[in-house]
Amino acid sequence: QLQEANDKAKALQKQQKDCAAKLMRAEKLIDGLGGEQASWNTKSNRLGKDYTNLTGDILIASGIIAYLGVFTTSYRSEAVTKWIDKLTNLQVPASKEFSLATCIGDQVKMRQWVIDSLPNDAL
């Protein structure tokens, strides 16, 4: 009986050590995920704002692609500013600071274009 009790005690001690190690790993994981909460909240807020501004942003992006490609950067910027003002007057939600690259761009493809010696401008 004494031997059985000692064996059981050793097994319980081993279980206790395993549980303590698992608890420490779980705490580290939770601490790591706690930092992600702020990141996810920021991304969620940005996504909600982007969704709200989607209609106006796509109108501006379409106008840039269809009409402004041949013009200078300063003229394009001036036209986009006027379009944003017009959308604001018509109460169509759009980003106050519009960027074509942000709206429809793929950062990886654009970086490759720069590597391939294509112009690195906003259009």
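Not measured: the values here are computed from a predicted model.
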Would you give me the side-chain donor-acceptor pairs under 3.5 Å for residues 13-25, sequence neighbours excluded?
none

Nearest 0.5 angstrom please: [X] [atom1] to [Y] [atom2], how far?
{"X": "I60", "Y": "I65", "atom1": "CD1", "atom2": "CD1", "answer": "12.0 Å"}
{"X": "R46", "Y": "N41", "atom1": "CZ", "atom2": "CG", "answer": "12.5 Å"}
{"X": "K28", "Y": "I30", "atom1": "NZ", "atom2": "CD1", "answer": "13.0 Å"}
{"X": "L2", "Y": "E4", "atom1": "CG", "atom2": "CD", "answer": "10.0 Å"}
{"X": "L12", "Y": "D7", "atom1": "CG", "atom2": "CG", "answer": "11.0 Å"}

Next on the checklist: Whether E78 and K82 form a salt bridge (side-chain N of Lys/Arg under 4.0 Å from carboxylate O of Asp/Glu) is what I want to check.
Outcome noted: yes
Taking all atoms of both residues into account, what is the closest heavy-atom pair of [X] and [Y], and its distance?
{"X": "I58", "Y": "C103", "result": "CD1-SG, 4.0 Å"}
{"X": "L68", "Y": "W83", "result": "CD1-CH2, 3.6 Å"}
{"X": "I84", "Y": "S95", "result": "CD1-O, 3.8 Å"}

Item to check | Same apolar cluster: L90 and V80, side chain cutoff 4.5 Å | outcome: yes
Checklist entry - If two hydrophobic side chains count as joined below 4.5 Å and joins carry through other members, does L47 share a cluster with Y51? => result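 Different clusters: L47 never reaches Y51 through Ile, Leu, Val, Met, Phe, Trp or Tyr contacts under 4.5 Å.
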Checklist entry - Is a donor on one side and an acceptor on the other found under 3.5 Å between the side chain of S77 and the backbone of T73? => result no
Checklist entry - Between T102 (side chain) and F98 (backbone), is there a donor-acceptor pair under 3.5 Å? => result no
Checklist entry - So, do T88 and K96 sit near enough that their side-chain heavy atoms are less than 4.5 Å apart? => result yes
